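This report concerns only the one structure given below.
It should be emphasised that the depicted structure is a prediction, and the values quoted were computed from it without experimental measurement. Below, chains carry the letters A, B, ... as their sequence lines are ordered, and counting in each starts from 1.
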Amino acid sequence: MSSSKWLAVFAAACVLVLGLAACGGGDSTSSETASASESESESGGGAPSAEVSGEIAGAGSTAQQASQEAWIAEFENANGGATISYDGVGSGGGREQFISGGVAFAGSDTPLSESEGELAKAIKRCEPGELVEVPNYISPIAIVYNLPGVEELKLEPETLAEIFNQEIENWNDPKIAKENPGVELPETRIVPVNRSDESGTTENFTDYLSKVAPKVWTHEVSGDWPVKGGEAASGTSGVIEAVSSGEGAIGYADASQAGELGKALIKVGKTWAEPSAEAAAKVLDLSKEDPELEKGQKNVIAFEIDRKTEASGVYPIILVSSMIGCTKYKSADEAALVKAYFEYAISAEGQELAAEAAGSAPLSAELTKKVEAAVGAIE
Amino acid sequence: MAHFDTTTNAGQLLAAASGGRRRRGDRIFSNISVVAAVTILALLVGVAVFLVTEGFPAFTAASSELPDHESFLSYVAPLAFGTVLAGVLAMVIAVPLAVAVALFITHIAPPRLAMLLGFFVDLLAAIPSIIYGLWGIFVLGPAAVPAMKWLEEKLGFIPIFEGPASITGRTMLVVGMVLAVMILPIISAVAREVFSQTPRKLQEGAQALGATRWEMIRTTVLPFGRSSVVSGAMLGLGRALGETMAVAIILSVSGGVTFNLIGQANPSTIAANIALNFPESSGLAINALIATGLVLFAITLATNFLARLIIARAEVK
Amino acid sequence: MTPPPADAAVLSTGSTRALLAGEGHRGGTLPGWAPWAAFAGALAVCGLLEAALGWFTIALMLVFGAPVAILAIYAWSRPVEGARRAKDRAVTMAIVAAFGVSMAPLISLLYEVIKRGVAGISWEFFTSDARGVVGGGGAAHAIVGTLVITACAAAISVPIGIMAAIYMNEYGRGPLRRALTFFVDVMTGIPSIVAGLFAYALFELFFGPGIRMGIMGSIALSVLMIPIVIRAAEEVLKIVPQHLREASYALGTPKWKTIVKVVLPTAFAGLVTGVMIATARIIGETAPLLVTTGVVDSLNANPFQGRMQNLAVYAYNEYRSPGVMKQASYDRAWAAALTLIAIVMILNVIARLVYRRYKTEIR
């Protein structure tokens, strides 16, 4: 190439760089000014010890997003120099970004497992420290339905499975009527609504169905809805919207989002259980930790949720979401920030805040102790 | 563009005659433009390379490792079908309407009103797709429920209205309509531009010969604008095929290949499927999703190629 | 998008003459209110019929009413004005009806967005960010983010796009030009999420995993914006009259100067309009920004450092994860949508003003 050609290329490059500089140069308002003014304001949240500062990012479960946003807001109020962000990219995305080192912590609706070697990879990512994985968000999944005039609907697990498997097709089916004496069930087509996107809610719900009604629900447990041909909607909002707009629809969604919709009572043992925070939190107290998911890691707490429990006052259709982090980070400051944030999220105060903002079920006192010990291992 | 080339030569000759400094200026300027052109091609190559390298593992992977345990081909086929179906539906609704809107603005409405309408249509061309999505589920979907029930009852013998009709309105028909509403302003903006440039003398000539307005439009405006309408339609089709959020939010995706437009089980589209499943995917499933993106790329390439062919043939005539 | 050579149209005018030879004009004319009467009458008849059958809805009345009205005006006009005028009236009515059908959803859309968006609009929405506010706060961070990200995308796309259009129109020939024409079309079909993933992969190569910057979003949006700019620019450059260029050459002006001083100023107004439309088209993209700029609740106006929020992602998140206070969240989502439309509208108005200002001066 002749020199003038190079000159031309150089000139073109300059034009581009100038263009970029023009758009980026002048305005470098940073978050410091914003935070400085707010660091004074005291609102009661935050780390018990000294204030922490710095910037960390997390990513993962969209189910946790509303509560993460609330935690972040209060945490930042208490720690003016700290900026935390949480991308609701989905659990899978969160785990992947955590493993690749893209984010400091992740939120996941299913614990890290051996499938695709994620657990091993996550352990490796944390070396020389150790992996921390603790449940931080429990939420009852309500079975919501839209049947004007039907105030209360009781469903046995088997019936529930048959409805979602599209085997029971009409609301006045004898199987439903048998459990609801005195309720006038209309002759309306049942339209089961499922999530069209892959989700932890679906995975937890199908896990429940396959455990309590193994004869009916023979599908594999997965975040992808296995039955074809139903009504599908994206996200919790989509499911709620679809159920609300369609008479005869039934769906599963985060209980806090149910709004005006009817919530079915589910048979647990001999009683009818209602999706409530206390009933949901109790399930984990009855569940055993799963050694396969913990793989000998002392700071990993992962449960095999006891879906088949027959205890009264328990609601076993729940979503348990975890926070994933490491005990050691590149810098002590980063580790301190992660630790403070995790501690806040699992504290009674943080859990209360999540219950208010996102409608989740606070961790029980017993579980909190265990989780605190694991989080305390962060250096 | 033959006439441009001749003047280019004339310009260069003149420039050449007037000394070296000017020639250098010319060379720099033309080189900058070449650099811009090459940058774009490089960008496109970059996207293509990204798609191929990220998608390739899915082509060779064993079917047991892919989502739904199917071979890649049977995974992507219903998605490609859904994409094309949604695109065709949108085009069938949007193109005639867009041409009518353009004709109305250029040849029927009073000039002052026409300018206002032109502005309005341009504005609509720029409404973000997420807003169309929200509008689709909150407004159009529920409003379409009784209509679809009616279609099922009265026209159920036609396979596309077979039903059972959806009770929520999240059907392929509604998606087609939302996409049509989305691309209508784009197509009609392009069509309007050319229709209004139909040489005055042709139109006046036709009218002087006593042609009615419609005859004038049919014999001068439409032939003049035909290729540009095809071009505009392709631009719209591109957006319809690649539309992600609106489709993902609206469509009830739970079936394989079906022509039933008003049921609750609809095939997904490639772009929407990526948006729905990408967040929770990891490993090979991500490769599979990106590979479907490559298929969409190929579909777009093929439709554009076809469009160019049609335009070229129309021009030869 | 080359218009066919004028000869083709002239030939078609020939067929007009053939048409004329066919049939004469009968002389009568319908009164000016005839189309309106036909339309109203058709609607009334259809409405009554449907009511009798028990199907009545306004939508159905319009759906059946329009074709009936078209037939009615044809049947009315034919005996009075002759077949050709009748056909003209029928087609005119069909076009007007089609126009009405097309505008209805668009007006409904604007109406809904305004109606639902107003509830979430407040002073706070524009002036404060969401840092440290549980379930609420303003959207200033998202508005600033949208403006910065879009401005950067425009700063990248506009020079490249316009220079490429100049290349295609003024310099290009041979395989590169043809390739460019074709691939620009292909580029318009890149799914937006793929553009986002591409930008992420590109930056991951250089900065490692987990990188999130405003500029990444701008790059992703540029991939979507460039082809639109080129398309628009090409169209307006094409219609710059050839004699202007020739006059400039005749004065001995070098080609590049002709382009800069004659061609671009002439096309300026059209270029601005095109750029504005392209900008407006990308300003509301969600999918590519979700994977490149990240989500954050504090104000950040520096595209080269840290995460940035933007309005489209903000609206999507508020819709998707509303928390317990659902309605308030939905209100904010619609308010963000309304703000986006307002920004787009302001850009459009500016483009129109520029167009007006320069149009008269040059042509």
Side-chain angles (χ1 to χ4, degrees), chain B residues 7 10-11 14-15 18 22 25-26 29-30 32-34 36-37 39-40 44 47 50 97 100-101 103-104 108 122-124 126 128 130-131 135 139 147 181 184 202 205-206 209-215 219-220 223-224 228 231 235 238 241-242 244-245 271 274-275 293 296 300-301 304 315, chain C residues 1 3-4 6 8-9 12-13 15-17 19-20 59 84-85 88 91 95 98-99 102 105-106 109 112-113 160 163-164 166-167 171 180 183 185-194 198 201 226 245-246 249 252 254-256 277 280-281 284 286-287 312 315-316 337 340-341 344-345 348:
Chain B
T7 46
L14 273 170
S18 52
R22 280 174 178 175
D26 250 354
F29 195 77
S30 82
I32 294 176
S33 80
V34 172
T39 310
I40 289 164
L44 199 71
V47 173
F50 163 75
L97 290 180
V101 169
L103 283 179
F104 181 80
I108 293 181
D122 279 356
L123 172 66
L124 292 167
I130 175 132
I131 298 176
W135 178 76
V139 183
V181 172
L184 194 149
L202 291 183
L209 291 170
T212 61
R213 182 160 55 195
W214 165 240
E215 283 159 1
T219 54
T220 63
F224 183 79
S228 294
S231 251
L235 211 59
L241 291 178
T244 312
M245 278 306 166
I274 296 178
L296 177 57
T300 315
L301 208 95
N304 274 298
E315 274 175 17
Chain C
M1 279 216 228
S12 338
T13 325
S15 60
T16 309
R17 199 173 297 137
L19 269 174
L20 284 171
R84 287 179 43 229
R85 291 294 301 275
D88 182 50
V91 173
I95 288 176
F99 176 79
S102 324
L106 296 170
L109 186 135
E112 292 290 335
V113 173
I160 294 185
M163 284 314 287
I166 288 175
Y167 172 79
Y171 289 102
L180 208 60
F183 284 112
D185 282 355
V186 174
M187 247 177 126
T188 59
I190 295 177
S192 54
I193 185 151
V194 167
F198 165 72
I226 287 173
R245 292 190 183 85
E246 279 155 16
Y249 293 146
K255 181 163 178 159
W256 71 277
I277 286 180
R281 166 74 180 78
T286 315
Y316 183 63
L340 261 182
I341 292 189
V344 167
M345 198 148 90
N348 245 307

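- Distance CZ/Phe29(B) to CH2/Trp256(C): 8.0 Å, rounded to 0.5 Å.
- With a 4.5 Å cut-off on non-hydrogen atoms, Val139(B) touches chain C through its side chain but not through its backbone.
- Separating the OG1 atom in Thr39(B) from the CD1 atom in Ile160(C) is a distance of 5.0 Å, to the nearest 0.5 Å.
- Heavy-atom distances place both the backbone and the side chain of Thr212(B) under 4.5 Å from chain C.
- The distance from atom CE of Met163(C) to atom CD1 of Ile40(B), rounded to the nearest 0.5 Å, is 10.5 Å.
- For Val194(C), the parts lying near chain B are the backbone and the side chain together; criterion is any non-hydrogen pair under 4.5 Å.
- The residue among Leu106(C), Leu109(C), Ile166(C) with the most heavy atom pairs within less than 4.5 Å of chain B is Leu109(C).
- Proximity to chain C (any heavy atom under 4.5 Å) is restricted, for Leu296(B), to the side chain, taken from C-beta onward.
- Shortest non-hydrogen contact noted between Ala98(C) and Ala100(B) is CB-CB, 3.4 Å.
- For chain C, the nearby parts of Ser33(B) are the backbone and the side chain; heavy atoms of each come within less than 4.5 Å.
- Heavy atoms of Leu184(B) lying under 4.5 Å from chain C belong exclusively to its side chain.
- Taking the side chain as every heavy atom from C-beta outward, Arg85(C) and Trp214(B) never approach each other to under 4.5 Å.
- To the nearest 0.5 Å, atom CD1 of residue Ile131(B) and atom CG of residue Leu340(C) are 5.5 Å apart.
- Annotation: maximal heavy-atom pairing with chain B below 4.5 Å, among Tyr167(C), Phe183(C), Phe198(C), occurs at Phe198(C).
- Nearest heavy-atom pair across Tyr171(C) and Ser30(B) is CE2-CB, 3.3 Å.
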